[in-house]
Amino acid sequence: MTTATTFAMSNSIIMLRRSLLHIRRYPGLTMFVIGAPVVFLMLFVFVFGGTLGAGLPGVDPDAGRSAYLPYVMPGILAMTIAGTAGGTATTVAMDMTEGITARFRTMAISRAAVLAGHVLGNTVQAVLGVVVVLAVGIAVGFRPNASFLQWISVVAMVVLIAFAISWLAVAMGMASKSVETASNLPMLLLLLPFLGSGFVPTDTMPSGLRWFADYQPFTPFVETLRGLLTGQPVGTNLPLALAWCAVITVAGYVWSMAIYEKKSVR
């Protein structure tokens with residue numbers, strides 16, 4: 001391992017500690033990240049679950065709510081991950097507007113580590129949020145049917161999705177001209193589980209919307225988690241999900257570093 005790599009990794013750990021301290025000092029944001037998916041879980045299962053569950057293909061119409069809970073749970077988990085992006089983008093924008101990032105640029109700190117701290121912190125927060133929301137789901141009747149290897153795959157998939165979304169959130173925060181814009185821009189990510197297979201099968205949608213739902217990243221994310229948690233084959237969804245994670249990670253990294261370098265020149 002080169003000296004430069006070791007330097008960057010040590011700086012990233014320091015920035016991760018800073019990000020985790022922010023999370024601890026602002027517990028309200030974490031509560032919102034966890035609370036909103038829990039509210040949606042209760043709403044869709046106990047209010048809409050009977051009707052939506054009866055309409056699932058290949059399901060006994062009388063099963064209703066009990067059939068819908070294992071279907072919707074992966075969508076709620078994906079929403080939990082997407083919901084963390086707003087806090088990260090806001091924190092990054094605050095650092096940009098308050099001059100913290102500019103101060104870091106004058107110090108002997110790895111440039112990638114400054115952003116990686118936000119990414120790693122948000123990834124930790126997202127994973128913890130998923131654990132809590134999954135525990136709530138189990139408490140209300142969700143019974144995963146995953147093997148040990150499938151559970152390992154679920155954990156790996158959650159980490160990869162959270163890592164990719166975190167880089168995109170950092171880029172959104174750096175590109176925003178104000179904290180308010182940064183807090184609103186990632187809200188678009190929360191719509192994607194709804195406009196995919198998170199809550200209803202895509203084949204029930206109109207043709208144009210179905211095309212978008214089938215090819216947007218959250219559909220393979222959700223379908224991979226659904227297959228792993230229920231012990232079913234994931235098919236082509238797993239490679240598609242991994243490909244989307246790679247694309248989003250690279251795009252977020254390149255976008256955020258380009259902004260960082262541009263502002264450094266100034």
Side-chain angles (χ1 to χ4, degrees), residues 30-84 123-162 165 190 192-205 213 217-242 244-245:
T30 303
M31 293 300 296
F32 175 78
V33 167
I34 298 173
V38 169
V39 170
F40 275 104
L41 175 63
M42 299 301 179
L43 177 66
F44 275 88
V45 172
F46 293 106
V47 178
F48 305 129
T51 301
L52 294 174
L56 292 175
V59 170
D60 181 1
D62 294 331
R65 187 175 295 110
S66 62
Y68 189 62
L69 177 55
Y71 182 87
V72 78
M73 196 68 221
I76 297 294
L77 297 182
M79 176 188 289
T80 304
I81 298 173
T84 63
T123 301
V124 171
Q125 185 181 41
V127 172
L128 292 177
V130 165
V131 170
V132 173
V133 173
L134 182 59
V136 173
I138 292 174
V140 299
F142 177 54
R143 296 295 178 263
N145 193 32
S147 66
F148 177 75
L149 289 178
Q150 286 172 324
W151 273 116
I152 297 297
S153 299
V154 167
V155 173
M157 200 69 238
V158 167
V159 171
L160 288 175
I161 296 171
I165 295 298
L190 285 173
L192 294 181
F194 289 97
L195 300 176
S197 63
F199 295 86
V200 295
T202 59
D203 57 11
T204 64
M205 301 176 181
F218 272 84
T219 291
F221 290 166
V222 170
E223 291 298 327
T224 299
L225 293 175
R226 182 174 290 135
L228 293 172
L229 288 170
T230 59
Q232 300 296 320
V234 296
T236 59
N237 289 301
L238 178 57
L240 283 173
L242 294 175
W244 270 116
C245 284

Check: Val133 and Met73 side chains under 4.5 Å, non-hydrogen atoms:
yes
Residue list, side chain to side chain contact (heavy atoms under 4.5 Å, CB included) with Phe46, at least two apart or on another chain
Met42, Arg65, Val140
Residue pair Phe221 / Ala241: nearest heavy atoms and the distance that separates them
CE2-O, 3.4 Å
Nearest-0.5 Å distance, OG1 of residue Thr123 to CG of residue Leu128:
11.0 Å
Member of Val131, Leu134, Leu77, Leu225 meeting the side chain to side chain contact (heavy atoms under 4.5 Å, CB included) criterion with Val158
Leu225
Scan for side chain to side chain donor-acceptor pair (under 3.5 Å) pairs involving residues 224-237, sequence neighbours excluded, and state none if there are none.
Glu223-Arg226
From CZ (Phe142) to CG (Leu41), nearest 0.5 Å
10.0 Å
Identify the two heavy atoms, one from Leu195 and one from Met205, that lie closest to each other, and give their separation to 0.1 Å.
C-CE, 4.5 Å
If the condition is side chain to side chain contact (heavy atoms under 4.5 Å, CB included), which residues does Leu160 pass it with, not counting sequence neighbours?
Leu242, Cys245
In terms of heavy-atom contacts, Pro193 and Gly75 come closest through CB-O, 4.2 Å
Provide the full list of side chain to side chain donor-acceptor pair (under 3.5 Å) pairs with a residue in residues 137-161, sequence neighbours left out, each pair given once.
Ser147-Gln150
Pairs in or reaching into residues 70-84: which pass side chain to side chain donor-acceptor pair (under 3.5 Å), with residues at least two apart or in two chains?
Thr84-Asn122
List the atom of Ala82, the atom of Ile165, and the distance in Å for their closest heavy-atom pair.
CA-CG2, 4.5 Å
Hey, what do you get for CD1 (Ile161) to CD1 (Ile81), rounding to the nearest 0.5 Å?
4.5 Å
Gap separating the CD1 atom of Ile152 from the CG atom of Leu228, nearest 0.5 angstrom
11.5 Å
For Phe199, the ring-ring contact (aromatic ring centres under 6.0 Å, His included) test, sequence neighbours excluded, returns Phe44, Phe194
